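Worth saying up front: this structure is predicted, and the values here are computed from it rather than measured. Lettering of chains follows the sequences in order, A, B, ..., and the numbering in each one begins at 1.
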Amino acid sequence: MSSTSSRGSPCTGCVSFMDACTRPDMTTPHSFPHSAYCAQISEGYAHLAPGEESGAIVAVAGRVMLLRTQGKLAFATLRDSSGEIQLFALASATEQFEDFARLHLGDWLGVHGEVVRTKRGELSVKVSSWVRLAEAQRNFGDKWAGITDYDLRYRHREADLWANEDTRRSLARRSALTRAVRERCWAAGFTEVETPILNAVPTGAAAKPFVTHHEALGADFYLRIAPELWLKRLVVGGFERVFELGRVFRNEGISPRHNPEFTSLELYAAYWNYQDMMAFTEELVAGAVADVLGTTRLSYQGRELDLAAPWPRVSMAELTSQKVGEAVSVATPRARLVELLDERGVPAHAHWGPGRCLAELFEASAEADLWEPTFVTRYPVEISPLARRDPSEPELTERFEAFVAGRELANGFSELTDPVDQRERFAEQARLGAAGDEEAMRVDEDFIKALEWGLPPTAGLGVGIDRLAMLVADAANIREVIAFPTLKPLAEE
RNA sequence: GCGCCGGUAGCUCAAUUGGCAGAGCAUUUGACUCUUAAUCAACAGGUUCCGGGUUCAAGUCCCGGCCGGCGCACCA
């Protein structure tokens, strides 16, 4: 990167000094030495009595949120990343008072002044000198109602953040959450890694990929739908505990719970099985939420929820049987499962075997009622091509999904380590693909080769970070916890 | 992709049965030495999302399109 781009480099070339300094980007300071945040002032001088002056001079900076002028006095509300403080300007004490009184809402300001409490009791910085750091040429919405238009809020989050407290809170909580998740993974001995986003073969999950193109290689690539196989290859390579917190991309519909790019935590631990991973998962999720909110108890969309461990474990067949009122399992005749699906308005596809039918029946009958955190276990092998078989029932796998507030939050299993079985599973996926399943997995020869070098017993986990962020932010729409959600581009003018 | 709902001044919202397109805030101008969504006065601000149609007359009714919200489908 060039640090001497033409923009911001004063007085160069054939332009005279005076000309340069009247160009628009020369008229504001290039820095502002800043000594205090609003919140520090509020806390540090809370003891001042009305009318009292502290004698302390501070330099604060931020954005003008409100402005009240009264003849030879002016009051402004200044906000920075920590909070707000009132600015108190007087014609007799403030430089350029007339200009100060004509500031626009939204202007960025740097202020020097004394910390005082006004006669009416508001802690303030009594402005002696000030400088406008940036002009707001657009306003930030109604100063009472803010911005409510969803299109404007999502397309111009920078304005939404200034206008709406809820937006600031939601995105701050998301940031605190990802920090807590990272720190807990590090503390548990996991190494953070980064694996390719551009993939020649999209794999590791059942989803339609985005396609892109590399010019020099003359080859199409797919944006990753999951980092799963790369991470297991790192375990083969000797990284016994790895995790990646990153973006994955799935070419699917957008809804209040789905963004085409979303953030997942994927984590693998050698020598663990799925039971170990469930224990880790509930502690990780409950712990990270407590790190953000101070408690595992939260209110989501008006309903109480407690994420404290341990979470109940119940098998998919058991739970589904309860809900449909008769015993069902992967051994139930497919025709009966299809009937039960029909009764719930779910038409079975021709390529669905009994395992897929059972899983669909679970989703149609039980999933939405799983409000308190619950591990659903023992998924059919048919829908789990990367998971290890359950020794007691080879048509099932040592897999679990965690459900909270009626939604899937996490997915994990004992990893399939047998290259021969893995090749057969991929082959079965290929058959499903040929039969019309657009989301069937593809054969990944490099991954099979990796398994031939030897993957120790390993358990893996994937957590939908956006979904978890929705819980801690009490957000009904995933877009509320994504700074810049995917939107349909507006037509070019 | 389908269905329902919405889009009016920079922002938040009104506009009766189809009958002159309005208010608050912001902006501009003026008054005001303790305000805090300050207040008061004045000026200005419009392709009613876009394109057709019906009608003497359309923000309003009809058709098509664009963008969004919710639901369904898909999915985590």
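- Of the candidate nucleotides B:C72, B:A76, B:G10, B:C72 has the atom lying nearest to any side-chain atom of A:Arg257.
- One can place CD1 of A:Ile254 at 17 Å from P of B:C72, the figure rounded to the nearest angstrom.
- Residue A:Leu105 has its side chain nearest to B:U27 when only B:C11, B:U27, B:C34 are considered.
- Residue contacts shown for A:Lys488 are limited to sugar-phosphate atoms, with no base heavy atom under 4.0 Å away.
- Taking the 5.5 Å centre cut-off and the 30° plane limit, the aromatic side chain of A:Tyr150 is not classed as stacked on B:G69.
- Among the protein residues, A:Gly121 comes within range of no part of the nucleic acid, since none of its heavy atoms lies under 4.0 Å from any strand.
- Residue A:Met65 contributes atom CE, which lies 12 Å from atom C1' of B:A37 at whole-angstrom precision.
- Set against B:U28, B:U33, B:G68, the side chain of A:His104 has B:U28 as its closest nucleotide.
- Nucleic acid contact for A:Asn411: none, since no nucleic acid atom lies under 4.0 Å from a heavy atom of the residue.
- Across all strands shown, the partner of B:C61 is B:G53, judged by Watson-Crick or G-U wobble contacts whose two distances both fall under 3.5 Å.
- Across all strands, A:Leu487 comes closer than 4.0 Å only to sugar-phosphate atoms, never to a base (heavy-atom distances).
- Note: A:Met441 CE to A:Glu428 CD = 12.5 Å, rounded to the nearest 0.5 Å.
- Rounding to whole angstrom units, CD of residue A:Glu261 and C1' of B:A76 are separated by 15 Å.
- For A:Ala145, taking side-chain heavy atoms from C-beta onward, the closest of the listed nucleotides B:U12, B:A26, B:A37 is B:U12.
- Within 4.0 Å of A:Arg117, counting heavy atoms only, lies no atom of the nucleic acid at all.
- The environment of A:Phe210 atom CZ is dense: over 12 non-hydrogen atoms of other residues, nucleotides or ligands sit within 6.0 angstrom.
- The CG atom of A:Asp160 sits 4.5 Å away from atom CG of A:Asn164, with the distance rounded to the nearest 0.5 Å.
- When distances are taken from the side chain of A:Glu252 to each of B:G68, B:A76, B:U29, the shortest belongs to B:A76.
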- Item | Worked verdict on A:Phe375 versus A:Glu401 for side chain to side chain contact (heavy atoms under 4.5 Å, CB included) | CA-CA 6 Å; A:Phe375 286 118; A:Glu401 288 192 354; over 6 Å; no

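- In this structure, A:Thr77 reaches neither bases nor backbone, as no heavy-atom distance under 4.0 Å exists between it and the strands shown.
- The residue A:Glu408 sits close only to the backbone: its heavy atoms come under 4.0 Å of sugar-phosphate atoms, none of a base.
- One finds the CE atom of A:Met65 at 11.0 Å from the NZ atom of A:Lys143 (value rounded to the nearest 0.5 Å).
- The partner of B:G68 is B:C5, by the rule that a Watson-Crick or G-U pair needs both atom distances under 3.5 Å.
- In this structure, A:Asn477 reaches the B:C70 phosphate: one of its side-chain N or O atoms is under 4.0 Å from OP1 or OP2.
- Aromatic rings from A:Phe362 and A:Phe403 are positioned such that their centres are separated by under 6.0 Å.
- If you check B:C11, B:C34, B:A76 against the side chain of A:Arg250, the one that comes closest is B:A76.
- Along RNA chain B, the nucleotide nearest to A:Glu360 and the one nearest to A:Asp149 differ in position, and the one closer to the 5' end is contacted by A:Asp149.
- Using a 4.0 Å heavy-atom distance criterion, A:Phe140 is classed as making no nucleic acid contact.
- Nucleic acid contact class of A:Gly253 (heavy atoms, under 4.0 Å, all strands): base.
- Listed nucleotides: B:C11, B:A76, B:U29. Nearest to the side chain of A:Arg102: B:U29.
- Atom CD of A:Gln70 and atom C1' of B:C34 are 7 Å apart (whole Å).
- Rounded to an integer number of Å, the gap from CZ of A:Arg153 to P of B:G68 is 14 Å.
- Residue A:Arg155 places at least one side-chain N or O under 4.0 Å from the OP1 or OP2 atom of B:G68.
- A:Thr69 comes within 4.0 angstrom of a nucleotide base, judged by non-hydrogen atoms across all strands.
- As judged by a 4.0 angstrom heavy-atom cut-off over every strand, A:Gly71 is placed among the base-contacting residues.
- A:Trp144 qualifies as a stacking partner of the B:A37 base, centre to centre under 5.5 Å and near-parallel within 30°.
- In the set B:A76, B:C32, B:U29, the nucleotide with an atom closest to the side chain of A:Arg467 is B:A76.
- Base contact: A:Asn259 has a heavy atom under 4.0 Å from a base atom.
- Note: CD1 (A:Ile478) to P (B:G69) measures 12 Å, nearest angstrom.
- Contacts of A:Lys119 with the nucleic acid, taken as non-hydrogen atoms under 4.0 Å apart, include base atoms.
- Remark: the separation of the C1' atoms in B:G69 and B:U29 is 41 Å, to the nearest Å.
- Looking at A:Asp151, its side chain has no donor and acceptor atom pair within 3.5 Å of the base of B:G68.
- Aromatic rings of A:Trp272 and A:Phe280 (six-membered ring for Trp) have centroids within the 6.0 Å cut-off, being under it.
- Under 4.0 angstrom from either OP1 or OP2 of B:A37 there lies no side-chain N or O belonging to A:Lys143.
- Note on A:Ser92: every side-chain N or O is 4.0 Å or more away from OP1 and OP2 of B:U33.
- Which of B:A26, B:A37, B:A73 sits closest to the side chain of A:Ser255 comes down to B:A73.
- Comparing the C1' positions of B:G59 and B:C74 gives an interatomic distance of 37 Å, to the nearest angstrom.
- Residue A:Pro256 has its side chain nearest to B:G71 when only B:G71, B:U12, B:G69 are considered.
- At the heavy-atom level, A:Ala410 lies nowhere under 4.0 Å from the strands shown.
- To the nearest angstrom, C1' of B:A31 lies 13 Å from CD of A:Glu98.
- Atom CZ in A:Phe100 sits roughly 17 Å away from atom P in B:U33 (whole-Å rounding).
- Base pairing of B:U28: its partner is B:A42, meeting the Watson-Crick or G-U wobble criterion (both donor-acceptor distances under 3.5 Å).
- Two rings, from A:Trp108 and A:Trp130, have their centers 6.0 Å or more apart.
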